[in-house]
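What follows is a short report on a single structure.
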Amino acid sequence: MTSNTSSLRKQKSHVRYIILVIVFIITSVNYADRATLSIAGSSVAKELGLDPGDMGLIFSAFGWAYLIMQIPGGWLLDKYGSKRVYTWSLFFWSFFTFLQGFVELMPLAWTVISLFFLRFMLGFSEAPSFPANARIVAAWFPTNERATATACFNAGQYFALALFSPLLGWLTFAWGWQHVFTVMGIIGFILTFIWVRYVHNPSEHPMISQQELKYITDGGAIIDMDTKSAAKKTSGGWTSVKQMLTNRMLMGVFLGQYFINSITWFFLTWFPIYLVQQRGMSILNVGFIASVPAICGFVGGILGGVCSDWLLKRGMSLTAARKIPIVFGMLLATSLILCNYIESHVVVVSLMALAFFGKGFGALGWTVISDVAPKEAAGMCGGLFNAFGNVASIVTPLVIGYMVKEMHSFNSALIFVGASAIAAMLCYLLVVGKISRMELKM
């Protein structure tokens, strides 16, 4: 260890916040890359001759690959560590985003297949990202800061829509839909370099002080999660998967995440198209208007985590501190159903904003996973959680696409999304029970 590093070790540091900022930015780009086709969707469909059924199929491609790779992705994280797996994940998802900007060069007869393949590979590459985020938070943050930290990176999905929806809408309008994909791909390549340069394990980070390392360790951070010795102790295989799938608490969290993600995927895929087709808004305006619910979702996401940690510090049990924001948030999320009975664009956008605020406030699933995942298989548990949650990335685009195609309206689709919020709330109230860390039987 050099003298400069030794000096840094003796100083007070807050490196965990730098790590969190980097994770937040990358998560925002992660979700922006998922939403690129949604923002550019109307222009892509018009120029390439795609109907709602084609778009629903293409939207679902991401979800198929994302789902398939969750358990393998979790195993890779436990085996090789968050940094190495995340590096390749970030590079390749940026690469496949970039390639979508050139799909028009393919013959029209191959357009659907080409877009489906590129979206499939995007999902394949992004699969380890959120389990890795949960592992990083568990490694870098003590228990009483974990909900806020998790809420911050999870709020990246709303920040992505708030920041990138206007940008991508403007790019579509001014330069053409192709540049939505190429610009986002280039941003991802830049972030890959930043990730490799500045992110390390807590015990190996050159900037962390002994005080900070002791503080997070004493507070319950699993700082040795990615060390070589920890990798050898990793509980792998289907034995640990079977134990997790037969645990009532985890199954309640897994199912709850599926229903919460149904709300997310409506906003990520069909919401901008809903504003264009059912509400008659222009593509340029939609890019800015879609950012309003996203901003509210971002605020709700941060406040939900802060509220949960505040309840915990005020003496509430871990179970109550996590469940209260989830239930309250899901109740607010049902408000989007009221849009079926409203004509005013201002009121509709306000209700959507309230619903997205509620969804963000109650989206504490990743915090709960950080609290309960067995430390020997944290990546695998996160992968299972994300696998259940992202079944919604397949079901929601397809179901809404079918509803819109058959009924020529989004009314039933909004009821479907609102019912998902109620189902998520019931999972946490009736199935999860007490929240505590699961111990694997070795």
Side-chain angles (χ1 to χ4, degrees), residues 28 31-32 35 38-39 41-42 151 154-170 173 259-307 324-364 392 396 400 403-404 407 409-425:
S28 298
Y31 263 86
S38 176
I39 298 297
S42 294
N154 201 38
Q157 62 185 286
Y158 317 109
F159 182 79
L161 295 179
L163 174 65
F164 288 105
S165 290
L167 171 63
L168 300 182
W170 177 80
F173 177 80
F259 292 113
I260 291 174
N261 267 13
S262 294
I263 308 169
T264 301
W265 279 95
F266 164 71
F267 280 99
L268 280 178
T269 56
W270 286 104
F271 177 55
I273 297 174
Y274 163 78
L275 295 178
V276 172
Q277 294 185 359
Q278 184 141 332
R279 294 295 169 176
M281 301 182 188
S282 70
I283 293 174
L284 182 60
N285 288 336
V286 162
F288 289 93
I289 293 171
S291 69
V292 176
I295 292 170
C296 292
F298 172 75
V299 174
I302 298 295
L303 290 179
V306 171
C307 176
I324 289 172
I326 292 171
V327 171
F328 179 70
M330 291 304 102
L331 285 173
L332 290 181
T334 62
S335 61
L336 89 174
I337 297 175
L338 297 176
C339 293
N340 287 340
Y341 311 101
I342 302 296
E343 293 297 327
S344 169
H345 288 177
V346 173
V347 177
V348 166
V349 173
S350 299
L351 287 171
M352 288 291 185
L354 179 63
F356 216 8
F357 174 89
K359 188 270 170 185
F361 194 86
L364 292 178
T396 301
I400 293 179
M403 288 177 171
V404 174
M407 303 179 187
S409 168
F410 278 85
N411 290 356
S412 56
L414 296 188
I415 294 174
F416 169 78
V417 177
S420 296
I422 296 173
M425 178 182 66

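Heavy atoms only: backbone and side chains are in, while hydrogens, waters and symmetry mates are out. Residues: numbered from 1 along the sequence shown.
Closest approach of Ala151 and Gly301 over heavy atoms only: CB-O, 3.0 Å. Pairing each heavy atom of Met403 with each of Phe416, the nearest pair is CE-CB, 4.1 Å. Counting all heavy atoms, side chain and backbone alike, Cys296 lies closest to Ala353 at CB-O, 3.4 Å. Between Ile342 and Leu338, the closest heavy-atom pair is CG1-O, 3.2 Å. Residue Ile260 comes nearest to Ala363 through the heavy atom pair CG2-CB, 4.4 Å, listed as atom of the first residue, atom of the second, then distance.
Residue pairs meeting the side chain to side chain donor-acceptor pair (under 3.5 Å) criterion with at least one partner in residues 327-338, sequence neighbours excluded, are absent.
Taking the ring-ring contact (aromatic ring centres under 6.0 Å, His included) definition, one finds that Phe259 meets it with nothing, sequence neighbours left out. Every residue meeting the side-chain contact (heavy atoms from CB on, under 4.5 Å) condition with Ile415, not counting sequence neighbours, appears here in chain and number order: Ile337, Asn340.
Between Leu331 and Met425, the closest side-chain pair of non-hydrogen atoms falls below 4.5 Å. Here the side chains of Phe266 and Ser420 are not in contact, with every heavy-atom distance at 4.5 Å or above. Contact of the Ile263 side chain with the Met330 side chain is registered, since non-hydrogen atoms from C-beta on lie closer than 4.5 Å. Counting heavy atoms from C-beta outward, Gln278 and Asn411 have side chains that approach closer than 4.5 Å.
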For residues 354-362, tabulate all N or O donor-acceptor pairs below 3.5 Å that involve a side-chain atom, not counting sequence neighbours.
unit_1, atom_1, unit_2, atom_2, d
Lys359, NZ, Gln157, OE1, 3.1
Lys359, NZ, Tyr158, OH, 3.0
Lys359, NZ, Thr264, OG1, 2.7

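In this structure, CD1 in Ile400 is found 11.5 Å from CH2 in Trp265, a value given to the nearest 0.5 Å. The CD1 atom of Ile324 sits 7.5 Å away from atom SG of Cys307, with the distance rounded to the nearest 0.5 Å. One distance of note links CG of Leu414 with SG of Cys339; it measures 6.0 Å at 0.5 Å rounding. For the atom pair Tyr274 OH and Phe410 CZ, the distance stands at 8.5 Å (nearest 0.5 Å).
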